[in-house]
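Notes to accompany the following structure.
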Amino acid sequence: MNPAVRAVVRMSIAKGCVPYAIYEGYEGLVQGGDLIQEKAWEDVRGWLSEGGTLIGTARCASFRERPGRLRAARNLILKGIDALIICGGDGSLTGADIFRSEWKGLLDELVTTGELTQEQVTGHEHLNIVGLVGSIDNDMSSTDATIGAYSSLTRICQAVDFIDATAYSHSRAFVIEVMGRHCGWLALMAGVATGADFVFIPEKPPVDGWEDEMCAIIRKHRTMGKRKTIVIVAEGAIDRNLNPVSASYVKDVLVQKLRLDTRITTLGHVQRGGTACAYDRMLATLQGVEAVQAVLDSTPETPSPMIAITENKITRKPLMEAVKLTQAVATAIKKKDFETAMALRDAEFEE
Ligand code: F6P
């Protein structure tokens, strides 16, 4: 996210705009004051390689309510801000689009209640919103990659490589749980990139009796001379009845059916820290630049865009359509319609 902020700040300045950083996510928008700070070119020096997010992030209950959004609108007007570039997941981006759709009503209310004068709101009739997608989960539809996903995948692969060495030494099995919330991208790609023996993901739950299928595959690998076994479980992995597939259950199966000396490793928040990989630095920079250009191109009629990457090209997609498609996958899984869930995920890559 830091390379994205850096790119937005510097492209804004290059285009003659004045950039502000809003600290602590929507909380900063609602609180205002020192949480909204003008940024100069040199303020974001060195941010390309910084992990996490230097301007902070927070879940904000008050922005979900209209009074909070009213305060946010007031703070923006007082600072003279007329465009917002938001970097987040589908929840943050939906919040931003609601804010934009309410904008005129919020300004009218601020004038009617005397919080602002008509003069202060004149010239601010339109709020520009542009979305950047920041999530390690790579769970947003309409884009091939979200900012952070490849850094997290890199970290997972490094960790699995480290585990590989000790698994090989002791001829052990490891069940490795990775993040991803309701999305299996990190688990699946980590499985491909590390040559895992078996992978569990939410979008394609294993068939009934998967225990025997998994054991048959692992047994075959062992008879071919493999001294280690790696099973990757997405934290959101489920079976066909929507019951979680837990790492401890997978371990029990490996111990009882294959007599493998098995350990569990939950990678946890190491997947969300450390420096960003080269791909993420590049993606965030190109998308940050495109986000500023999208602000400059926007008209009141343009639906809020989301900056995506499609077949290696930076693209603009209608933000709310991407959010709806993302939510459609979750809905299909809840209805146990796994074929539709997979088809929707595949379609994201075929667009
Ligand atoms: O969405 C990113 C993510 O890291 C998920 O993969 C994970 O489920 C969740 O956030 C963890 O959130 P928290 O840090 O609040 O526990």
Side-chain angles (χ1 to χ4, degrees), residues 1-5 24-27 50-61 63-64 86-96 131-160 175-191 193-194 196 199-205 232-238 242-248 264-277 279-280 283-284 287 306 308 319 322-323 325-327 329-331 333-334 341 345 348:
M1 287 202 185
N2 297 315
V5 175
E24 310 303 339
Y26 286 128
E27 194 59 47
E50 292 282 352
T53 166
L54 289 163
I55 59 173
T57 181
R59 299 209 166 96
C60 178
F63 192 73
R64 291 204 192 109
I86 289 102
C87 188
D90 59 342
S92 313
L93 298 183
T94 305
L132 289 170
V133 198
S135 169
I136 63 160
D137 302 334
N138 207 4
D139 56 351
M140 179 65 87
S141 177
S142 309
T143 184
D144 294 348
T146 56
I147 296 169
Y150 277 92
S151 298
S152 186
L153 180 61
T154 305
R155 200 78 66 245
I156 294 169
C157 290
Q158 285 167 339
V160 176
V175 183
I176 301 173
E177 188 190 289
V178 304
M179 283 186 169
R181 213 179 283 269
H182 304 297
C183 181
W185 187 84
L186 282 173
L188 187 59
M189 294 308 150
T194 61
V199 175
F200 292 91
I201 58 168
E203 297 87 342
K204 195 173 183 200
I232 298 185
V233 182
E235 64 176 347
I238 44 173
L242 306 185
N243 298 315
V245 173
S246 70
S248 67
I264 294 175
T265 303
T266 302
L267 293 182
H269 286 76
V270 293
Q271 296 163 94
R272 285 221 319 232
T275 55
C277 70
Y279 180 84
D280 268 330
L283 180 70
Q287 290 192 329
M306 180 189 96
L319 190 154
V323 169
L325 271 169
T326 306
Q327 289 164 353
V329 179
T331 308
I333 292 176
K334 270 191 210 128
R345 284 266 193 255
E348 291 167 18

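Start at 1 and go down the list; that is how both ligands and their atoms are numbered.
- Closest to atom 12 (O) of ligand 1 by heavy atom, among H182, R272, Q271, is R272.
- The N/O atoms of E235, backbone and side chain alike, include one that comes under 3.5 Å of an N/O atom in ligand 1.
- Using a 30° and 60° split on the angle between ring planes, F63 and Y26 fall in the parallel class, below 30°.
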Inset, instruction - Take M306 and M140 through the side chain to side chain contact (heavy atoms under 4.5 Å, CB included) test and state the conclusion after the steps. - result: CA-CA 10 Å; M306 180 189 96; M140 179 65 87; 3.9 Å; yes
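- For ligand 1, none of its N or O atoms has an N or O atom of I136 under 3.5 Å away.
- Regarding atom 9 (C) of ligand 1, its nearest protein heavy-atom neighbour is R181 NH2, 3.6 Å.
- Annotation for ligand 1: atoms under 4.0 Å from non-hydrogen atoms of G180 are 6 (O).
- The shortest side-chain heavy-atom distance between L267 and I176 falls under the 4.5 Å cut-off.
- Between the side chains of S151 and D280, a donor-acceptor pair is found at a separation under 3.5 Å.
- Looking at D139 and H182, their side chains never come closer than 4.5 Å, going by heavy atoms from C-beta outward.
- Within the 4.5 Å cutoff, the side chain of I147 has heavy atoms near those of the Q287 side chain.
- Given atom 16 (O) of ligand 1, the protein heavy atom at minimum distance is H269 NE2, 3.7 Å.
- Of the protein's non-hydrogen atoms, D137 OD2, 3.3 Å is the one closest to atom 2 (C) of ligand 1.
- Heavy atoms of R59 come nearer than 4.0 angstrom to ligand 1 in at least one pair.
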